[in-house]
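Single-structure report; data block below.
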Amino acid sequence: MTQATNTAANPTERMFAADTASRALGMTLVEHGEGTAVLRMTVTPAMVNGHGTAHGGFLFLFADSAFACACNSHGPVTVAAAADIDFVAPAYEGDVLTATARERVRFGRSGVYDVSVLRGDQVIAEFRGRSRVIDGTRTRAKTKESP
């Protein structure tokens with residue numbers, strides 16, 4: 001794995017640099033390589049639900065962002081075809097979480113990736129994403145207003 005840089009010289013760095021949603025939540029790309037990525041995020045007060053724990057939607061988004069970095073590391077525009085998550089333990093405000101994504105298999109235009117979300121050595125969630133390479137000329141749905 002290589003350390004993330006500010007040069008956006010490869011597909012993972014370019015995609016993450018353009019990912020406003022992930023960066024706005026304080027996620028950082030720590031390491032990446034072919035089919036792998038490591039992200040870090042601190043749980044903020046805005047991410048805590050009514051039970052005082054990190055909202056599952058934010059944990060899913062965090063794992064999904066690591067998945068996106070890993071599956072886009074090969075170059076072609078790749079999106080999620082499906083994903084699921086198992087929440088194993090709660091996370092709390094101030095927790096520093098790490099999401100490590102690993103490619104399990106690629107076949108044709110599809111792939112399967114596993115992401116572990118941890119607080120230190122403790123597993124918080126396990127995520128599995130299924131990817132699909134798409135035609136990268138349009139990554140936005142065409143609407144009546146768009147050309």
Next on the checklist: Pair Glu31, Thr12 - check side chain to side chain contact (heavy atoms under 4.5 Å, CB included), show working.
Outcome noted: CA-CA 10 Å; Glu31 298 177 17; Thr12 301; over 6 Å; no

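Annotation: salt bridge (charged side-chain N to carboxylate O under 4.0 Å, His left out) contacts of Arg23 (sequence neighbours excluded): none. For Thr98, the side-chain hydrogen bond (donor to acceptor under 3.5 Å, both in side chains) test picks out no residue, with sequence neighbours left out. Qualifying salt bridge (charged side-chain N to carboxylate O under 4.0 Å, His left out) partners for Asp86, counting only residues two or more places apart in sequence or in other chains: none. The salt bridge (charged side-chain N to carboxylate O under 4.0 Å, His left out) test applied to Arg109 returns no partner, not counting sequence neighbours.
To the nearest 0.5 Å, atoms CZ (Phe127) and OG1 (Thr100) are separated by 13.5 Å. Residue Met27 holds its CE atom at 11.0 Å from OG1 of Thr42, rounded to the nearest 0.5 Å.
At most 12 heavy atoms of other shown residues, nucleotides or ligands fall within 6.0 angstrom of atom CZ in Arg40.
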Can you give the donor-acceptor pairs under 3.5 Å from side chains of residues 51-69 to other protein atoms, not counting sequence neighbours?
residue	atom	partner	partner atom	Å
Thr53	OG1	Asn49	OD1	3.3
Thr53	OG1	Asn49	ND2	3.3
His55	ND1	Gly57	N	2.8
Ser65	OG	Ser22	OG	2.6
Ser65	OG	Leu61	O	3.0

Side-chain donor/acceptor pairs under 3.5 Å, residues 87-96, sequence neighbours excluded:
residue	atom	partner	partner atom	Å
Asp95	OD2	Tyr92	N	2.7
Asp95	OD2	Arg119	NH1	2.6

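Side chains of Pro11 and Asn72 form no contact here, defined as non-hydrogen atoms less than 4.5 Å apart. Using a 4.5 Å heavy-atom threshold, the side chains of Ser116 and Arg102 count as touching.
Between Glu126 and Val123 the shortest heavy-atom distance is OE2-CG1, 3.6 Å. Closest approach of Val112 and Phe107 over heavy atoms only: CG2-CE2, 4.2 Å.
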